Each structure stands twice: as C-alpha cells, then as structure tokens.
Amino acid sequence: MKHLQRPVRRGVLVVHVVASAGWLGLTLGLLALALTAFTTGAPSVVEASYRSMKVFTDWLVLPIALATLLSGLVLSLGTPWGLARHRWVVTKFWLTLATSVASVLLLRPGVDSAAAAAASGRSVLEPRDLVMGPVVSLAAYVFMTALSVLKPWGPTRRGRRLRSASHEASGSRKGLDARSVRRTA
C-alpha cells in the first residue's frame, strides 16, 4: 500500500489518539460505575450505576472501539510502520481486536442483564465480572499506550526481510548512480 500523505496521516493519527483516549476514559467511567454498584448497599445507587453503564455500552463502546481499530489499521497500513513489520504494531492490533470483541460480546450483554436485574429489583448474579471487565480492558489500554510510546521488540521476521530487501535495493541503486557518475566524469 502506498503511504498516506502527511496531512492525511496526521488527521488519521489525531482520530486514532482521540478515539483511544476516549476508550480509555470510557473504561475508567465504566470501572467507577461498576465499583460504585459493587460496593454500595443502596438499591437505587446500584440501579443508577448499571443503567448509566448501559448507556455507555449501548452508545459509546462499539463506535469508539471501531474508530480505534479502523484508524489504527489505516495508520499501520498507510505508514512505514506497516501492520506486520514490527512486533509492537502486531501486538497492538491483536489486543485492540480482542478488547473490541470482548467489549461487544461480553461486556455489553453483562451490563444489559445487570441493568435489567437491578431495574426489576433482583440482585445481579456476577457483579465482580462487571468490575473485572473494565479492569482488564484498562490494563490492556495502558499496555498498548506504553507500546505506542516505547515501540519495543524490534521488527518481525517479515519486517527484517523487507528491511534487508529495501537496503539491498537502495544499495544497488547507489552503486549504479556512483558508476554512472564515474563514467561521465
């Protein structure tokens, strides 16, 4: 894939950072609400917490997860970092995909059932699960942020192969350029 032009790349990068920060903030909010519901004894507070979590999971989780995933994919494919050239990029992609799927398939249904149970006056079966989901997500997002900043582990096997092929190609072009300069001198 051809690399993105600088203004486009910067725009996509802004979208990615904003979506990622939004997802991190959303997760902190979900964690605060889940902890509130878990630790309080007041049924009205429990219901309000789970109903608030439901609003967040119904309206924000999927769009923010998709914005983060898609903008990260565009950045990886449209920049020299590539999707499969560096281990940290591959790790971030798979973690983002896993947390997106877990948010939609595990967190949302759990929050939905907790909100329904609290609204009907029943107790929530596994309130710890609603705390642990955001805790695990938060740990994953902080780890992915560290990967973005530190860029550890170096290139993948494919990345090393592409890099050596690129160096060989640029070296052979330089050699041709030097020979043609010597011939014309």
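In what follows, every heavy atom counts, from backbone to side chain, and hydrogens, waters and symmetry copies are set aside. Computed from a predicted model, the values in this text were never measured in an experiment.
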Are any non-hydrogen side-chain atoms of W88 and L150 less than 4.5 angstrom apart? no
Hey, does the side chain of T40 reach the backbone of T36 with a donor-acceptor pair shorter than 3.5 angstrom? no
Among pairs that include at least one residue of residues 4-22, which meet salt bridge (charged side-chain N to carboxylate O under 4.0 Å, His left out), considering only residues two or more places apart or in two chains? none
Suppose the criterion is salt bridge (charged side-chain N to carboxylate O under 4.0 Å, His left out): which pairs have a residue in residues 47-70, not counting sequence neighbours? E47-R51, K54-D58, K54-D112, D58-R108
Group every Ile, Leu, Val, Met, Phe, Trp and Tyr by side-chain heavy-atom contacts under 4.5 Å, then state whether M53 and L106 land in the same group. no
To the nearest 0.5 Å, what is the distance between OG1 on T91 and CZ on F143? 6.5 Å
Can you list the residues that meet the side-chain contact (heavy atoms from CB on, under 4.5 Å) rule with V8, with sequence neighbours excluded? L4, V12
Using the side chain to side chain contact (heavy atoms under 4.5 Å, CB included) rule, take L13 and T79 through it: C-alpha gap first, then chi angles, then the decisive distance, then the call. CA-CA 11 Å; L13 182 60; T79 63; over 6 Å; no
Distance col, row R160:CZ vs H86:NE2, nearest 0.5 angstrom, shows 11.0 Å
What are the two closest non-hydrogen atoms of V90 and L83, and how far apart are they? CG2-O, 3.1 Å
Out of curiosity, does M144 fall in the hydrophobic cluster containing V135 (side-chain heavy atoms, cut-off under 4.5 Å, transitive links)? yes
Cluster question for you: counting only ILVMFWY and a side-chain heavy-atom cut-off of under 4.5 Å, with indirect links fine, are I64 and V136 together? no
Using a 4.5 Å cut-off on heavy atoms from C-beta on, say whether the side chain of L107 contacts that of L30. yes
Could you tell me which non-hydrogen atom of V46 sits nearest to which non-hydrogen atom of A37, and how far apart they are? CG2-O, 3.5 Å
From L28 atom CG to S137 atom OG, the distance as rounded to the nearest 0.5 Å: 10.5 Å
Report yes or no: do W81 and L95 belong to one cluster of Ile/Leu/Val/Met/Phe/Trp/Tyr joined by side chain heavy-atom distances under 4.5 Å? yes
Would you please name every residue forming a ring-ring contact (aromatic ring centres under 6.0 Å, His included) with F56, sequence neighbours left out? none
Could you tell me the separation between the CH2 atom of W23 and the OG1 atom of T99, rounded to the nearest 0.5 Å? 3.5 Å
Specify the closest pair of heavy atoms between V89 and G82, including all atoms of both residues, with the distance to one decimal. CG1-O, 3.3 Å
Enumerate the residue pairs fulfilling side-chain hydrogen bond (donor to acceptor under 3.5 Å, both in side chains) with a member in residues 121-134, sequence neighbours excluded, ordered by first and then second residue. S120-R122
Using modelled atom types only, decide if a donor and an acceptor are shared between the side chain of T27 and the backbone of L138 within a distance under 3.5 Å. no
By the salt bridge (charged side-chain N to carboxylate O under 4.0 Å, His left out) test, which pairs, at least two apart or in different chains, include something from residues 86-97? none
In short, L130 meets A114 closest at the heavy-atom pair CD1-CB, 3.3 Å
Could you tell me whether the side chain of T68 reaches within less than 4.5 Å of the side chain of Y141, counting heavy atoms only? no
Going by heavy atoms in the side chains, are F93 and L69 under 4.5 Å from each other? yes
Spell out, yes or no, whether L70 and L62 are grouped together once hydrophobic residues are joined by side-chain heavy atoms under 4.5 Å, including indirect joins. no
Considering all heavy atoms, the nearest V61-S103 contact: CG1-CB, 3.5 Å
